[in-house]
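To start, the structure itself, in structure tokens.
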Amino acid sequence: MMSNDTVFITNPWASAIIRGYQIAERLGCNCDPEHVAHGSDVVFVKSFPDNPDVLSSFNSCYVDIIDGFGLIDLVYKHPNVNVIAISDVAGKFLQRRMDNKVFVIPEHHCNFEQVARCRDEVTTVGFIGYIESF
């Protein structure tokens with residue numbers, strides 16, 4: 001279970017910011033590798049440590065893969081690392097490929113206030129991501 005001592009480590013990509021900084025802020029956790037201490041709980045969001053030997057210094061370690069397909073091979077080599085999947089389908093996909101414990105935390109859109117708009121028609125749509133993904 002994550003505590004206020006949990007540290008999120010992420011990268012500057014949009015999906016990692018949403019799953020890293022915004023969730024960490026909501027949980028009252030740090031999102032800064034400078035706060036990682038021996039025995040910390042750590043969540044790597046769409047990232048993985050350059051030196052995997054540091055994994056043994058964490059109390060617990062999670063990798064939120066999101067859409068970082070390249071992370072699967074890295075995590076596979078470390079069965080003690082817990083994996084976070086973005087959907088049930090992603091969770092089943094990952095579980096078939098590794099022995100790691102997989103948790104599903106569905107994608108969110110940071111509407112923590114649960115604001116709802118009433119409208120009769122859709123006039124504008126948007127896309128979040130990179131042109132290569134569109």
Side-chain angles (χ1 to χ4, degrees):
M1 225 41 203
M2 290 183 224
S3 68
N4 288 13
D5 297 329
T6 301
V7 178
F8 286 73
I9 300 173
T10 188
N11 58 50
W13 299 329
S15 56
I17 291 171
I18 291 168
R19 296 279 284 198
Y21 288 101
Q22 292 179 357
I23 290 177
E25 181 180 351
R26 183 68 178 177
L27 294 175
C29 301
N30 289 311
C31 192
D32 182 356
E34 299 298 319
H35 287 91
V36 177
H38 184 78
S40 295
D41 296 324
V42 179
V43 179
F44 289 95
V45 180
K46 205 170 178 176
S47 61
F48 199 75
D50 293 334
N51 178 4
D53 294 340
V54 302
L55 295 172
S56 62
S57 67
F58 304 135
N59 181 41
S60 61
C61 180
Y62 299 81
V63 175
D64 190 352
I65 291 181
I66 307 177
D67 60 358
F69 193 75
L71 292 170
I72 295 172
D73 289 338
L74 291 171
V75 174
Y76 174 81
K77 297 174 186 173
H78 302 280
N80 293 333
V81 171
N82 300 298
V83 175
I84 299 173
I86 203 164
S87 68
D88 289 331
V89 170
K92 290 174 185 171
F93 172 84
L94 293 169
Q95 198 63 73
R96 286 192 308 265
R97 283 157 178 76
M98 59 182 63
D99 294 327
N100 306 63
K101 191 167 188 177
V102 176
F103 297 90
V104 175
I105 300 177
E107 177 64 280
H108 68 290
H109 297 283
C110 300
N111 185 10
F112 295 123
E113 294 80 21
Q114 299 181 1
V115 174
R117 298 185 296 179
C118 297
R119 56 186 170 180
D120 296 327
E121 64 181 283
V122 176
T123 58
T124 306
V125 297
F127 171 76
I128 298 174
Y130 302 97
I131 192 65
E132 296 83 7
S133 303
F134 187 58

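Heads up: numbering here begins at 1 and tracks the sequence. Please read these numbers as outputs of a predicted model, since none were measured by experiment.
Both Phe44 and Ile72 are part of a single hydrophobic cluster, where members link through side-chain heavy atoms under 4.5 Å apart. The hydrophobic clustering, which links ILVMFWY residues whose side-chain heavy atoms are closer than 4.5 Å, places Phe69 and Phe48 together. The hydrophobic clustering, which links ILVMFWY residues whose side-chain heavy atoms are closer than 4.5 Å, places Val104 and Val83 apart.
When all heavy atoms are compared, the tightest approach of Val102 to Leu94 is CG2-CB, 4.3 Å. Taking both residues in full, the closest heavy atoms of Pro52 and Asp50 are given as CD-O, 3.4 Å, listed atom of the first, atom of the second, then distance. Here the shortest heavy-atom pairing between Asn100 and Gln95 reads O-NE2, 3.3 Å. The shortest heavy-atom contact between Arg97 and Tyr76 is O-CD1, 3.2 Å. For Asp41 against Ser60, the heavy-atom pair with the smallest separation is OD1-OG, 2.8 Å. Of all heavy-atom pairs spanning Ala85 and Ala90, the tightest one is CB-C, 3.9 Å.
Between Val54 and Phe58, some side-chain heavy-atom pair lies under the 4.5 Å cut-off. The side-chain heavy atoms of Lys46 and Asp67, taken from C-beta on, include a pair separated by under 4.5 Å. A heavy-atom distance below 4.5 Å is not found between the side chains of Asn80 and Leu55.
Counting heavy atoms of neighbouring residues, nucleotides and ligands inside a 6.0 Å radius, atom CG of Asn51 exceeds 12 of them.
Between atom OG of residue Ser47 and atom CD1 of residue Ile65 there is a gap of 11.0 Å, rounded to the nearest 0.5 Å.
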List the steps and the verdict of side chain to side chain contact (heavy atoms under 4.5 Å, CB included) for Ile105 and Asp64.
CA-CA 9 Å; Ile105 300 177; Asp64 190 352; over 6 Å; no
